[in-house]
Amino acid sequence: MSPELQPGLRFEWRYTVPPRATVPALYHDTAFCRDMPDVLATGYLVGMMELACVNGMLPYLDWPNEQSLGTMVNFRHLAPTPPGMTLTIRGEVLEVEGQRVRFKVEAWDDVERICEGTHERCVIDPQRFNARVARKIAGASA
């Protein structure tokens, strides 16, 4: 991780909401969800907030030898967004402590602010991480 990844760093990412990201489409296999409003699902929005932070970190990582994983999300979903609208997600690095990076993140759709909160990511060595996952799978299979 580059030492240039420091508090105060700001970034922006845009993403157009696809029809598959709505509550009825995302949870199509759950009967009561098919009757819910056709708007961006909170779970999908959380993923977009995370990806905006990943994208903001990319210039400061030795990708793909260094990657990051989400370790904490604390978001408030403030307003509905229909598919087709574009999200503008803005973030700022609040803290860098060892391999952990904490962000302030906000999102707007074409009309209003729809999400705000904080997110934490941990920089990882993917080979070591994948080896740990393999050990876990092997242990569960035994």
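We number each residue from 1, following the sequence as shown. Since this is a predicted model, take the numbers as computed values, not measurements.
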Quiz item: Would L5 and M57 count as a side chain to side chain contact (heavy atoms under 4.5 Å, CB included) if you check the C-alpha gap in whole Å, the side-chain angles of each, and the deciding distance to 0.1 Å?
Solution: CA-CA 8 Å; L5 181 59; M57 292 177 74; 4.2 Å; yes
- Message: Evaluate V123 against Q67 for side chain to side chain contact (heavy atoms under 4.5 Å, CB included), listing each step before the verdict.
- Response: CA-CA 6 Å; V123 176; Q67 296 180 19; over 6 Å; no
request  = For R34 and V23, run side chain to side chain contact (heavy atoms under 4.5 Å, CB included): C-alpha distance rounded to whole Å, both residues' side-chain angles, the deciding distance at 0.1 Å, then the answer.
outcome  = CA-CA 7 Å; R34 291 192 296 265; V23 177; over 6 Å; no
- Using the side chain to side chain contact (heavy atoms under 4.5 Å, CB included) rule, take T118 and V105 through it: C-alpha gap first, then chi angles, then the decisive distance, then the call. CA-CA 6 Å; T118 57; V105 194; over 6 Å; no
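Shown here is E112, whose CD atom has more than 12 heavy atoms of other residues, nucleotides or ligands within 6.0 Å. R132 CZ: 12 or fewer foreign heavy atoms inside a 6.0 Å radius.
Taken from CG in N65 to CG in D62, the straight-line distance is 4.5 Å, to the nearest 0.5 Å. To the nearest 0.5 Å, atoms SG (C122) and CG (L69) are separated by 7.5 Å. From E106, atom CD reaches atom CZ of R76 across 10.5 Å, with rounding to the nearest 0.5 Å. Rounded to the nearest 0.5 Å, atoms OG (S2) and CD (E66) are 9.0 Å apart. The line from CD1 of I124 to CD of Q99 is 10.5 Å long, rounded to the nearest 0.5 Å. Note: I89 CD1 to M48 CE = 7.0 Å, rounded to the nearest 0.5 Å.
In terms of hydrophobic clustering, with Ile, Leu, Val, Met, Phe, Trp and Tyr side chains grouped at heavy-atom distances under 4.5 Å, I137 and F129 are assigned to a common cluster. Transitive grouping of hydrophobic side chains (ILVMFWY, heavy atoms separated by less than 4.5 Å) brings V17 and M36 into a common cluster. Each of V54 and L94 belongs to its own hydrophobic cluster when Ile, Leu, Val, Met, Phe, Trp and Tyr are linked at side-chain heavy-atom distances under 4.5 angstrom. No chain of hydrophobic side-chain contacts below 4.5 Å, direct or via other Ile, Leu, Val, Met, Phe, Trp or Tyr residues, connects M85 to F75. I114 and Y15 fall within the same hydrophobic cluster, where Ile, Leu, Val, Met, Phe, Trp and Tyr residues are linked whenever their side-chain heavy atoms come under 4.5 Å apart, directly or through other members.
Taking the charged nitrogens against the carboxylate oxygens, R10 and E92 do have a contact shorter than 4.0 Å, which makes a salt bridge. Taking the charged nitrogens against the carboxylate oxygens, R121 and E50 do have a contact shorter than 4.0 Å, which makes a salt bridge.
If you look at F103 and F11, their ring centroids are closer than 6.0 Å.
Proximity of V93 to V96: side-chain heavy atoms (C-beta onward) are separated by under 4.5 Å at one or more points. With contacts defined as side-chain heavy-atom distances shorter than 4.5 Å, the pair V101/M1 qualifies. D109 places none of its side-chain heavy atoms less than 4.5 Å from the side chain of T86. Residues Y44 and P18 meet the side-chain proximity criterion, which asks for heavy atoms closer than 4.5 Å. No side-chain heavy atom of L45 sits under 4.5 Å from any side-chain heavy atom of T81. Side-chain contact between T22 and V39: absent, with no pair of heavy atoms (C-beta onward) separated by less than 4.5 Å. Between L9 and Q6 there is no side-chain heavy-atom pair separated by less than 4.5 Å.
In this structure a side-chain-to-backbone donor-acceptor pair under 3.5 Å is missing from N55 to L51. The backbone N or O of F32 sits nowhere less than 3.5 Å from a side-chain atom of T30 that would complete a donor-acceptor pair. With H119 contributing its side chain and M72 its backbone, the two residues share a donor-acceptor pair below 3.5 Å.
Closest of all the heavy-atom pairs between A41 and Y27 is CB-CE1, 4.1 Å. Contact between P37 and P24 at its shortest, heavy atoms only, is O-CD, 3.3 Å. The shortest non-hydrogen separation linking P19 to A25 is O-CB, 3.4 Å. Residues C115 and M49 approach most closely at SG-CE, 3.6 Å, considering heavy atoms.
Geometric assessment of R90 against the ring of W108 yields a positive cation-pi assignment under the 6.0 Å and 45° thresholds.
T88 and R14 share a donor-acceptor pair across their side chains, judged by distance under 3.5 Å alone.
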